[in-house]
Amino acid sequence: MAKSIQAIRGMNDILPEQTPYWQHVENSFRQLMQSYGYQEIRMPIVESTALFKRSIGEVTDIVEKEMYTFEDRNGDSLTLRPEGTASCVRAAMQHGLLHNQIQRLWYSGPMFRHERPQKGRYRQFHQFGVEAFGLAGPDVDAELILMSNRLWQKLGMSDDVSLELNSLGSAETRQQYRKILVEYFSAHEAELDDDSKRRLQTNPLRILDSKNPEMQKLNENAPKLIDHLDAESKQDFEVLCNVLNDAGVSYKINPRLVRGLDYYSKTVFEWVTDKLGTQGTICAGGRFDGLVEQLGGKATPAIGFALGLERLIELLEIPEDVQHENNLNVYLVLMGEKALSKGLPLAEQWRNEILGLKLQVNCGGGSIKSQMKKADKSGAGLAFILGDDELEKNIITVKFLREKKEQEMIELSQITDYLKKNIGLIGS
RNA sequence: GUGGCUGUAGCUCAGCUGGUAGAGUCCCGGAUUGUGAUUCCGGUCGUCGCGGGUUCAAGCCCCGUCAGCCACCCCA
């Protein structure tokens, strides 16, 4: 036997046992987007490397050490997308969607980052993303947060997540604040840990994010971004908070919430959970007013968020009825060759006549005992038995697999009506 | 990328201070003729993650490697 090939590290198969959870989340999300008038956009998984370098930022970890970058046959540098926003902006720009227009868009799909895999962190992972273009806020900011809040409600996981908010200010004020912060930390350089010393050079705002308890005191005394906001950012942030208050959405202002991608500005937020260990952010986003211009377009205000499906599904418990909604209605047991040649066409006929009927025909023969076992395992509510006896009398034997009820014999001609009555489906 | 823990049948796991592997489950067959999920009986399945080494002898010890988990880091 040849040596078997395994999946690439950090890239997971999603098995039939798990797919109902994915489908449930995907369906809920799609409905949610429709209910807010957002439209789906689909982008390629591979983009020019330059796109991510210019948007996410040259010195971020994602770009520096986590991208799947390769040369194609033409010698062009391509990259498996590590996130969706850059692609979405590129696509919208390229097709003129941003030309004096408002766009409310969503997408979903796999993203790729070469990190060390851990629970809730994979090399291929899946995100839903939402982006709104052409609106300066803070009204859309609130809309996006309310929208995400509604998703948790829909999925019954509101108790598992909490909202953290901050404002990074405009690009200019962030630049100024950055200087103030660098001065502060430089004055205390001896107290910085190694990571923070490194960040002082590369991305000083991230020092605030440190999990090192020894850094906590230093961080608490650090100048706060929120005290250095420009008037407009401050005003917008207040409005946003007011809307959330009125809508009854609770939140915590986290002055140390900064986000790792360079393009964020003004409003930023995260939905976090304490149930997932260290990978506790399940949804995060913020405003990126400078990005479109940075990628060569006309200055366009924008905001978006992304949520991680693997993490979300980890938290998800789906209700019984949803769990069973893919179950078969009927498993058709066929005894003998005559039944076989009659049974498959019958099944076709029933599927034609009854919209949404979930019916599986036994394949591969077997004794009635083994066929009944398969019927049970299939999850079907009813077993239909078709054998020589039934053929002779033009009937089907119907056995109830999930309830205590005597089995019944039904005339072939009555089966369609019988099914409609018994499984609550309507004719086509 | 750094550190720690783990890796035995498809799945969940046992295997004492080294002596060439077991349980439950799953699957298949049977318990009077065409009836599942319960019960009883029988059966199939492993180069003990992979590669080296130590030893008369290794699943148990050592080294390497791959994979998973946890923390750091990063982030959804």
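Just so we're on the same page: letters track the sequence lines, and every chain starts at 1. Keep in mind the model is a prediction, meaning the values are calculated, not measured.
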S.K.: Grab the CZ-P distance between R402(A) and G36(B) for me, whole Å please.
M.R.: 13 Å
S.K.: Name the pairing partner of C45(B), where a pair is Watson-Crick or G-U wobble with both distances under 3.5 Å, or state none.
M.R.: none
S.K.: Tell which nucleotide pairs with C26(B), taking only Watson-Crick or G-U wobble pairs whose two distances are both under 3.5 angstrom.
M.R.: none
S.K.: Name the residue closer to the 5' end of RNA chain B, choosing between S370(A) and G308(A) according to the nucleotide with the nearest heavy atom.
M.R.: S370(A)
S.K.: Could you check whether any side-chain heavy atom of W106(A) comes within less than 4.5 Å of a side-chain heavy atom of Q39(A), counting everything from C-beta outward?
M.R.: no
S.K.: Classify the side chain of Q371(A) and the base of U35(B) as holding, or not holding, a donor-acceptor pair under 3.5 Å.
M.R.: no
S.K.: Atom CD of E392(A) to atom C1' of G34(B): distance rounded to whole Å?
M.R.: 14 Å
S.K.: Could you state the NZ-C1' distance from K377(A) to G10(B), rounded to the nearest angstrom?
M.R.: 11 Å
S.K.: For nucleotides 37-49 of chain B, read 5' to 3', which letter fits each nucleotide if B means a protein heavy atom sits under 4.0 Å from the base, S means only the sugar-phosphate is that close, and - means neither?
M.R.: S------------
S.K.: Mind listing the N/O atom pairs, protein and nucleotides 64-75 of chain B, below 3.5 Å?
M.R.:
| unit_1 | atom_1 | unit_2 | atom_2 | d |
| --- | --- | --- | --- | --- |
| G68(B) | OP1 | G10(A) | N | 3.3 |
| G68(B) | OP2 | R9(A) | NH1 | 3.0 |
| C70(B) | OP2 | K119(A) | N | 2.7 |
| A71(B) | OP2 | Q118(A) | NE2 | 3.0 |
| C72(B) | OP2 | T278(A) | OG1 | 2.7 |
| C72(B) | N4 | R121(A) | NH2 | 3.0 |
| C73(B) | O3' | R199(A) | NH2 | 3.1 |
| C73(B) | N3 | R121(A) | NH1 | 3.0 |
| C73(B) | N3 | R121(A) | NH2 | 3.4 |
| C73(B) | N4 | Q279(A) | NE2 | 3.3 |
| C74(B) | OP1 | R199(A) | NE | 2.7 |
| C74(B) | OP1 | R199(A) | NH2 | 2.4 |
| C74(B) | OP2 | R199(A) | NH2 | 2.3 |
| C74(B) | O2' | E66(A) | OE2 | 3.0 |
| C74(B) | O2 | E115(A) | OE2 | 2.8 |
| C74(B) | O2 | R121(A) | NH1 | 3.1 |
| C75(B) | OP1 | G260(A) | O | 3.4 |
| C75(B) | OP2 | R206(A) | NE | 2.9 |
| C75(B) | OP2 | R206(A) | NH1 | 2.8 |
| C75(B) | OP2 | R206(A) | NH2 | 2.6 |
| C75(B) | O3' | R113(A) | NH2 | 3.0 |
| C75(B) | O2' | R113(A) | NH2 | 2.6 |
| C75(B) | O2 | R311(A) | NH1 | 2.9 |
| C75(B) | O2 | R311(A) | NH2 | 3.1 |

S.K.: Pick out which of R311(A), E26(A), E310(A) makes a side-chain hydrogen bond (donor to acceptor under 3.5 Å, both in side chains) with H126(A).
M.R.: E310(A)
S.K.: Base, sugar-phosphate, or nothing: which does A375(A) touch, judged by heavy atoms less than 4.0 Å apart?
M.R.: nothing
S.K.: Indicate, with a heavy-atom threshold strictly under 4.0 Å, whether E390(A) touches base, sugar-phosphate, or nothing.
M.R.: base
S.K.: Given the P atoms of C45(B) and G10(B), what is the spacing between them in whole Å?
M.R.: 11 Å
S.K.: Is there side-chain contact between L208(A) and L225(A), with at least one heavy-atom pair below 4.5 Å?
M.R.: no
S.K.: Look at the rings of W271(A) and W152(A) and say which category their plane angle falls in: under 30° parallel, 30 to 60° tilted, over 60° perpendicular.
M.R.: perpendicular
S.K.: Quantified in whole Å, what is the C1' atom distance between nucleotide A37(B) and nucleotide G19(B)?
M.R.: 45 Å
S.K.: Going by the side-chain contact (heavy atoms from CB on, under 4.5 Å) test, name the single residue among V140(A), L291(A), L105(A) that passes it with F133(A).
M.R.: L105(A)
S.K.: Calculate the interatomic distance between I282(A) atom CD1 and A76(B) atom P; express it in whole Å.
M.R.: 13 Å
S.K.: Which base, if any, makes a Watson-Crick or G-U wobble pair with G7(B), both distances under 3.5 Å?
M.R.: C66(B)
S.K.: Judged by each residue's nearest nucleotide on RNA chain B, which is more toward the 5′ side, I385(A) or E83(A)?
M.R.: I385(A)
S.K.: For G15(B) and G24(B), measure between their C1' atoms and round to the nearest Å.
M.R.: 15 Å
S.K.: What is the pairing partner of A71(B), taking Watson-Crick or G-U wobble pairs with both distances under 3.5 Å in any strand?
M.R.: U2(B)
S.K.: Between H188(A) and Y184(A), how do the two ring planes meet: parallel, tilted or perpendicular, split at 30° and 60°?
M.R.: tilted
S.K.: Measure the distance from CG on N362(A) to C1' on U35(B) and round it to the nearest whole Å.
M.R.: 13 Å
S.K.: How would you label the contact of K374(A) with the nucleic acid (heavy atoms, under 4.0 Å): base, sugar-phosphate, or nothing?
M.R.: nothing
S.K.: Kindly indicate whether the side chain of V333(A), heavy atoms from C-beta on, has any atom under 4.5 Å from the side chain of F384(A).
M.R.: no
S.K.: Paired with U55(B): which nucleotide, if any, by Watson-Crick or G-U wobble criteria at under 3.5 Å for both distances?
M.R.: none
S.K.: Please determine which of I396(A), L386(A), L412(A) meets the side-chain contact (heavy atoms from CB on, under 4.5 Å) test together with L391(A).
M.R.: L386(A)
S.K.: Rounding to a whole Å, what distance do you find between L257(A):CG and A76(B):C1'?
M.R.: 13 Å
S.K.: Expressed as a whole number of Å, how far does the C1' atom of U6(B) sit from that of C50(B)?
M.R.: 16 Å
S.K.: For the P atoms, the ones on C26(B) and on C40(B), what distance do you get once it is rounded to whole angstrom?
M.R.: 12 Å
S.K.: If I pick the C1' atom on U39(B) and the same atom on G59(B), what distance separates them, to the nearest angstrom?
M.R.: 36 Å
S.K.: Distance between the C1' atoms of U25(B) and U17(B), in whole angstroms?
M.R.: 32 Å
S.K.: Quick one: do D388(A) and E337(A) satisfy side chain to side chain contact (heavy atoms under 4.5 Å, CB included)? Show the steps, please.
M.R.: CA-CA 9 Å; D388(A) 292 342; E337(A) 252 172 65; over 6 Å; no
S.K.: Take E143(A) and R104(A) through the salt bridge (charged side-chain N to carboxylate O under 4.0 Å, His left out) test and state the conclusion after the steps.
M.R.: CA-CA 11 Å; E143(A) 177 172 276; R104(A) 287 172 153 104; 3.0 Å; yes
S.K.: Passes side chain to side chain contact (heavy atoms under 4.5 Å, CB included), L135(A) versus I303(A)? Steps please.
M.R.: CA-CA 8 Å; L135(A) 296 165; I303(A) 180 166; over 6 Å; no
S.K.: How far does the C1' atom of A21(B) sit from the matching atom of A14(B), given to the nearest Å?
M.R.: 11 Å
